[in-house]
Amino acid sequence: MRTASILGDWPTTEAQARAIQDELRTRVVLDEPGPEPGTGHVTGVDVAYDDERDLVAAAAVVLDAATLELVEEATAVGRISFPYVPGLLAFREIPTVLAALDTLGADPGTVVCDGYGRAHPRRFGLASHLGVLTGLPSIGVAKNPFTFSYEEPGASRGSFSPLLAGDEEVGRALRTRDGVKPVFVSVGHRVSLDTACAHTLRLTPRYRIPESTRRADALCRRALREAAASGRAD
DNA sequence: GCGACAG
DNA sequence: ATCTTGTCGC
């Protein structure tokens with residue numbers, strides 16, 4: 001029901017989308033440390049696309065933050081709501097992600113997005129946007145540095161270096177596994193950068209990418225396959 | 001003006 | 001994101 005009202009005035013043009021980001025950005029909360037890593041729940045969200053069939057599938061996977069065991073998972077399928085434009089990714093992913101989150105019975109805890117939060121041209125990436133719309137603490141963990149610069153962090157897990165937009169630190173390049181390419185962590189909503197990195201390290205005991213994101217990725221791909229096979233969307 | 005550019 | 005087989009390595 002909430003999703004319907006949000007889709008009601010979903011932007012059509014890039015200019016409208018940017019204006020929405022500029023307005024919602026003022027509601028981001030950056031002065032809370034956020035939930036203690038390793039306590040409560042952590043929820044991974046991800047989205048998969050079938051542009052041919054105009055289908056999008058989202059998944060939300062709730063994990064126990066201490067054990068990383070599955071608590072609950074949800075999916076939603078819909079139509080593509082916006083083209084991919086660098087800097088406007090949220091408008092492509094958020095409607096279906098919200099639909100999936102809405103069906104969860106468990107408290108999502110901290111939401112982990114596959115993308116950026118503050119590390120964004122207007123400091124309002126997917127994780128920030130999702131955080132503001134849901135009120136939930138959120139962080140972004142991306143696989144690429146986008147347009148930002150960074151110096152290679154030390155080779156061991158836990159090493160990090162600032163992710164920079166000019167001389168402004170908008171996130172961190174964080175090494176989650178020894179000798180493996182870093183991930184790019186930024187704050188979404190109601191979580192500090194230190195806490196966001198601590199969460200990310202707890203979520204990567206085995207792989208470079210957070211367990212939450214890996215599970216959400218697998219789940220939304222499966223949901224997309226099934227939706228394409230049965231030919232439904234809603 | 002041209003190229004780069006989260007997923 | 002997605003198109004795609006085998007293959008090198010732990």
Side-chain angles (χ1 to χ4, degrees), chain A residues 14 17-18 20-21 24-25 28 44-61 75-98 100 111-132 138-150 155 157 163-166 168-174 176-189 193 196 200 204-210 212-225 227-229:
Chain A
E14 295 183 22
R18 285 192 294 270
I20 289 171
Q21 291 181 327
L24 291 182
R25 180 181 51 207
V28 173
V45 295
D46 196 19
V47 177
Y49 302 93
D50 183 335
D51 289 279
E52 295 290 293
R53 297 181 163 123
D54 184 30
L55 283 177
V56 49
V61 177
T75 61
V77 178
R79 301 294 178 182
I80 295 174
S81 55
F82 207 83
Y84 171 66
V85 179
L88 300 178
L89 175 66
F91 295 95
R92 185 167 167 81
E93 309 222 326
I94 276 186
T96 319
V97 168
L98 284 179
V111 178
V112 179
C113 296
D114 187 15
Y116 288 118
R118 264 200 75 198
H120 177 274
R122 286 167 295 284
R123 306 292 178 267
F124 195 73
L126 172 62
S128 320
H129 202 142
L130 193 56
V132 165
S138 64
I139 69 174
V141 181
K143 300 182 285 297
N144 300 294
F146 199 13
T147 61
F148 305 104
S149 60
Y150 68 101
R157 164 176 157 86
L163 184 65
L164 301 170
E168 178 186 0
E169 182 183 44
V170 294
R172 285 181 188 155
L174 176 66
T176 55
R177 304 300 307 161
D178 287 355
V180 173
K181 174 182 171 171
V183 296
F184 303 89
V185 180
S186 60
V187 160
H189 183 58
L193 186 52
T200 303
T204 49
R206 174 120 170 106
Y207 299 103
R208 171 184 177 238
I209 302 301
S212 42
T213 299
R214 300 183 72 249
R215 298 191 67 146
D217 179 73
L219 182 57
C220 69
R221 290 190 197 220
R222 175 151 54 84
L224 183 64
R225 284 202 320 268

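Per chain, numbering begins at 1; letters A, B, ... match sequence-line order. Model, not experiment: these values are computed from the prediction.
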Engineer: Output the pairing pattern of DNA chain B as a dot-bracket string, 5' first, Watson-Crick or G-U wobble with both distances under 3.5 Å, | for cross-strand pairs, [ ] for crossing pairs.
Structural biologist: .......

Engineer: If you look at every heavy atom in A/Ile139 and A/Ala196, which pair is closest and at what distance?
Structural biologist: CG2-CB, 3.6 Å

Engineer: Does DNA chain C take part in any stems of at least 3 consecutive Watson-Crick or G-U pairs (both distances under 3.5 Å), and if so, which ones?
Structural biologist: none

Engineer: Okay, side chain of A/His120, backbone of A/Gly87: is any donor-acceptor separation there less than 3.5 Å?
Structural biologist: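 Yes; at least one donor-acceptor contact below 3.5 Å.
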
Engineer: If the sugar-phosphate is the primed atoms plus P, OP1 and OP2 and the base is the rest, what is the B/S/- string for nucleotides 1-7 of chain B, using protein heavy atoms under 4.0 Å?
Structural biologist: ----SBB

Engineer: Describe, in one word, how the ring planes of A/Phe148 and A/Tyr116 are oriented to each other, choosing from parallel (under 30°), tilted (30 to 60°) and perpendicular (over 60°).
Structural biologist: perpendicular

Engineer: What's the separation between atom CD in A/Glu169 and atom CG in A/Leu163, rounded to the nearest 0.5 Å?
Structural biologist: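 That separation rounds to 8.0 Å.
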
Engineer: Which atom pairs link the protein and nucleotides 6-10 of chain C when you take only N or O atoms and keep those under 3.5 Å?
Structural biologist:
none

Engineer: Examine distances only and state if a side-chain atom of A/Ser138 and a backbone atom of A/His189 form a donor-acceptor pair shorter than 3.5 Å.
Structural biologist: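 Between the backbone of A/His189 and the side chain of A/Ser138 there is a qualifying donor-acceptor contact (under 3.5 Å).
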
Engineer: For A/Thr204, check side-chain hydrogen bond (donor to acceptor under 3.5 Å, both in side chains) against everything at least two apart and list the hits.
Structural biologist: A/Arg157

Engineer: Does the gap between the ring centers of A/Tyr84 and A/Tyr49 come in under 6.0 Å?
Structural biologist: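 Ring centres of A/Tyr49 and A/Tyr84 not closer than 6.0 Å.
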
Engineer: Please report the interatomic distance CG(A/Asp50) to CG(A/Leu224), rounded to the nearest 0.5 Å.
Structural biologist: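 Spacing of CG (A/Asp50) from CG (A/Leu224) equals 5.5 Å.
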
Engineer: Need one value for A/Arg221: base, sugar-phosphate or nothing, where a base atom within 4.0 Å counts as base even if backbone is also close, heavy atoms only.
Structural biologist: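 Sugar-phosphate, no base atom in range.
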
Engineer: Tell me which pairs pass salt bridge (charged side-chain N to carboxylate O under 4.0 Å, His left out) where either residue lies in residues 112-122 of chain A, with sequence neighbours left out.
Structural biologist: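 For residues 112-122 of chain A: A/Asp114-A/Lys143, A/Arg118-A/Glu168.
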
Engineer: For the backbone of A/Gly44 and the side chain of A/Arg215, can you confirm whether one donor and one acceptor N or O come within less than 3.5 Å of each other?
Structural biologist: no

Engineer: Name the orientation class of the two ring planes belonging to A/Phe184 and A/Tyr150 (parallel below 30°, tilted from 30 to 60°, perpendicular beyond 60°).
Structural biologist: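 Perpendicular: the ring planes of A/Phe184 and A/Tyr150 meet at over 60°.
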
Engineer: For the residue pair A/Val45 and A/Cys113, establish whether any side-chain heavy-atom pair is separated by less than 4.5 Å.
Structural biologist: yes

